[in-house]
Amino acid sequence: MAIARRSTPLVILAAAVLAVCLACSPRHNQPTVGVVFETLQTEYWTASRDGIAAELKRRNVRMLEAIADGDANRQLEQVRNFITRKVDGIIVVPKDADTVIPMVRHANRAGIPIVLFNRPAAPSDTHSVAVVADNFAITRDTVSWLARKALQSGPKHKAAILLGDLGDLNAIARRDGYEAGLKPFGEAFETVSRIPTDWNQEKALAGITNALQAHPDIDFIFTSSDLLLPSIVSALKSAGKYKKSGEPGHVFLGAFDGDATAYRMLREGYLDADGVQDVDFDTATTVRAVMELKAGKQLPPRIVDNGFVIHQENLGAEARRMWGAKP
Amino acid sequence: MRRFLSSQYFVLWVSLLYAAVMAPFTPAFLSPENALNILSSMLPLLIVAAGQTIILITGGIDLSVTSVIALASVLGAMTMTSTSGNVVTGIAVMLAAGALVGLINGIGMSAGRMPPFMVTLATMMFFGGFAVWITKSKNVGGLPRNFNAIGDSLPAVALIAIAIIAVLHFVLSRTTAGRWLYATGRNPRTALVSGVPVRLTTTAAYVVSGLLAAVASVIYTGRLETGSPVLGQRILLDVIAAVVIGGCSLFGGRGTVLWTVLGVLFITLVDNTLNLTGVSNFAVLIAKGGVILMAALLDTVRTRYATH
């Protein structure tokens with residue numbers, strides 16, 4: 001009881017301070033966009049974040065940033081906080097196609113435009129615009145080019161693919177693109193190993209190491225993300241198969257994203273082809289979409305980045321468009 | 001200073017002071033909508049933290065709560081979306097999964113005499129991997145609307161949380177079972193000699209922790225409208241930090257769920273304010289790391305005061 005009596009003045013004082021603070025809450029007149037990333041743990045996401053930030057700054061729009069560290073529930077809370085802030089728009093890089101749906105629903109209810117970057121939402125009764133790369137077509141074209149190059153060295157090849165997180169629609173599209181890219185070549189390519197990685201480099205290293213031990217004659221590898229290239233390099237080196245293009249024993253290697261590691265490996269001749277997501281297009285289009293939605297414009301539910309394939313034969317011409325090639 | 005640090009209202013004062021300091025710099029912090037957001041974020045975390053409180057009182061730790069959340073999420077979702085499943089069965093499966101993991105933890109410690117850290121680390125890895133394996137890393141969507149409504153309904157979640165806190169507070173403060181928990185945490189050997197069924201008490205504590213993690217999973221899963229094999233993976237440090245900040249001792253024998261309420265409030269306030277101000281994620285991680293470090297230091301100081 002004595003403690004309670006001594007505590008009462010403190011409580012009253014704290015309440016008074018809070019009331020004063022309420023009157024002093026800061027206000028901004030500048031448009032504000034909340035940007036929620038699932039993670040910044042890869043070069044692609046960092047480049048995307050920087051691109052979005054630059055485009056928002058160019059448009060004199062204030063950016064509020066939040067990173068969910070791979071936690072969908074945290075991402076939902078961050079979106080709801082931005083809705084409370086009454087931001088003018090929200091850009092979300094979803095963890096996956098399903099858990100983003102309630103986030104979109106909250107934004108729809110609040111009347112705040114929401115644009116999804118890189119990953120679309122699964123079909124639902126919510127409304128959003130997604131800016132996504134055509135993962136299927138870019139992968140198909142990359143694998144197709146790689147297969148034609150491989151056939152110049154021999155009629156039959158053993159192949160392996162490193163798969164991404166199959167909860168991610170992008171990973172599924174790249175897997176399907178890989179299969180479509182090889183299909184026209186029939187039995188010339190036999191995929192002996194499909195390695196699930198969940199976008200994890202340790203899993204990728206273990207998987208490709210095991211694959212090379214089980215099938216030492218694998219000479220054709222596609223990875224669903226440049227993120228996994230270091231794991232492949234490590235496994236190939238351990239197996240004595242890390243050779244440049246044109247050298248005996250070279251393993252035909254294709255990848256997807258367009259990061260700095262891929263650019264370096266292309267220049268050095270270890271990587272044969274890379275499917276590139278056009279980050280400049282994606283980030284500028286995403287910001288433009290959220291501002292246009294805020295202005296009341298109607299946009300299609302999906303805006304597609306057609307990307308491009310970069311390989312050793314067009315490296316000089318296309319490098320300027322590759323985000324990983326920028327200093 | 002000693003009385004202030006030892007006060008059971010210490011975290012409340014810190015929370016109020018923090019709110020007062022941050023409010024001028026945090027737009028919309030004091031709005032009604034944000035108050036609801038804070039409650040919404042706080043309540044499922046509180047339920048998990050309440051279970052962790054029981055464990056810490058016994059001198060143990062439960063690292064498996066995150067895997068319980070994920071496992072319960074996917075098992076419940078798979079049950080509800082099966083042809084013979086329904087919401088009630090799904091929730092029952094979720095709760096049963098949580099209790100089962102808790103039982104395995106408890107038996108591992110009481111019968112196997114293994115350290116809590118090792119047992120719960122093993123179950124965390126095993127059941128976390130199991131959740132990924134049975135779903136092949138894919139989400140389970142298409143959950144019934146009336147299940148999703150549970151997680152989305154703040155009044156329903158608040159009622160569940162209040163009921164849990166009320167029951168646990170009653171058990172801890174008014175029952176023999178509560179005294180057994182504290183006795184086990186202060187000195188298990190002395191407790192055993194005094195007639196406390198230490199093994200049963202320890203096992204029951206872990207069953208309760210698993211069960212409460214499963215309850216939180218019901219809320220998280222409904223809120224996200226998806227059964228996810230990686231649900232709740234990142235909240236373990238928040239749970240432990242909240243319990244320790246609230247005043248529960250890492251050394252066992254001290255703590256109450258009411259203190260944990262304050263600890264969860266503080267950690268939620270930190271997250272909320274930093275998010276509203278739009279500071280970089282790296283700053284958020286550093287700030288939360290600092291808070292957890294301070295909580296651990298404070299626990300050491302308060303334990304020293306309590307024993308002298």
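A quick note: this is a predicted structure, and the numbers were derived from the prediction, not measured. Per chain, numbering begins at 1; letters A, B, ... match sequence-line order.
- Heavy-atom distances place no part of B:Asn148 under 4.5 Å from chain A, backbone and side chain included.
- Contact of B:Thr135 with chain A is not made at all, since no heavy-atom distance falls under 4.5 Å.
- We find the CG-CG distance between A:Asp96 and B:Asn139 to be 4.0 Å, quoted to the nearest 0.5 Å.
- A 6.0 Å sphere centred on CD1 of B:Ile134 holds more than 12 heavy atoms belonging to other residues, nucleotides or ligands.
- A:Asn73 touches chain B through backbone and side chain together, each having a heavy atom under 4.5 Å away.
- Within residues 105-118 of chain A, the residues having any heavy atom under 4.5 Å from a heavy atom of chain B are, by residue number, A:Arg105, A:His106, A:Arg109.
- Using a 4.0 Å cut-off between a side-chain N of Lys or Arg and a carboxylate O of Asp or Glu, B:Glu33 and A:Lys86 qualify as a salt bridge.
- Contact annotation for residues 35-52 of chain B against chain A (heavy-atom separation below 4.5 Å, listed by residue number): B:Asn37, B:Ser40, B:Ser41.
- Annotation: maximal heavy-atom pairing with chain B below 4.5 Å, among A:Ile83, A:Val100, A:Leu64, A:Asp98, occurs at A:Asp98.
- Dense packing is recorded around OH of B:Tyr18, with more than 12 heavy atoms of other residues, nucleotides or ligands lying under 6.0 Å away.
- Heavy-atom proximity under 4.5 angstrom to chain A picks out B:Tyr220, B:Arg223, B:Leu224, B:Glu225, B:Thr226, B:Val230 from residues 218-230 of chain B.
- Of all heavy-atom pairs spanning A:Glu65 and B:Asn275, the tightest one is O-ND2, 4.5 Å.
- Once rounded to the nearest 0.5 Å, the distance linking CG of B:Leu276 with CZ of A:Arg85 reads 6.5 Å.
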- Task: For B:Lys136 and A:Asp198, run salt bridge (charged side-chain N to carboxylate O under 4.0 Å, His left out): C-alpha distance rounded to whole Å, both residues' side-chain angles, the deciding distance at 0.1 Å, then the answer.
- Result: CA-CA 10 Å; B:Lys136 297 186 178 22; A:Asp198 291 332; over 6 Å; no
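- A salt bridge does not link B:Lys138 to A:Asp165: none of the charged side-chain nitrogens sits closer than 4.0 Å to a carboxylate oxygen.
- When each of B:Val140, B:Asn272, B:Leu274, B:Leu231 is scored by its heavy-atom pairs under 4.5 Å with chain A, the top score falls to B:Asn272.
- Ranked by heavy-atom pairs under 4.5 Å with chain B, the list A:Asn81, A:Val87, A:Asp71 is led by A:Asn81.
- For residues 120-130 of chain A, heavy-atom neighbours of chain B at less than 4.5 Å comprise A:Asp125, sorted by residue number.
- No other option in A:Asp168, A:Val35, A:Thr99 has as many heavy-atom pairs under 4.5 Å with chain B as A:Thr99.
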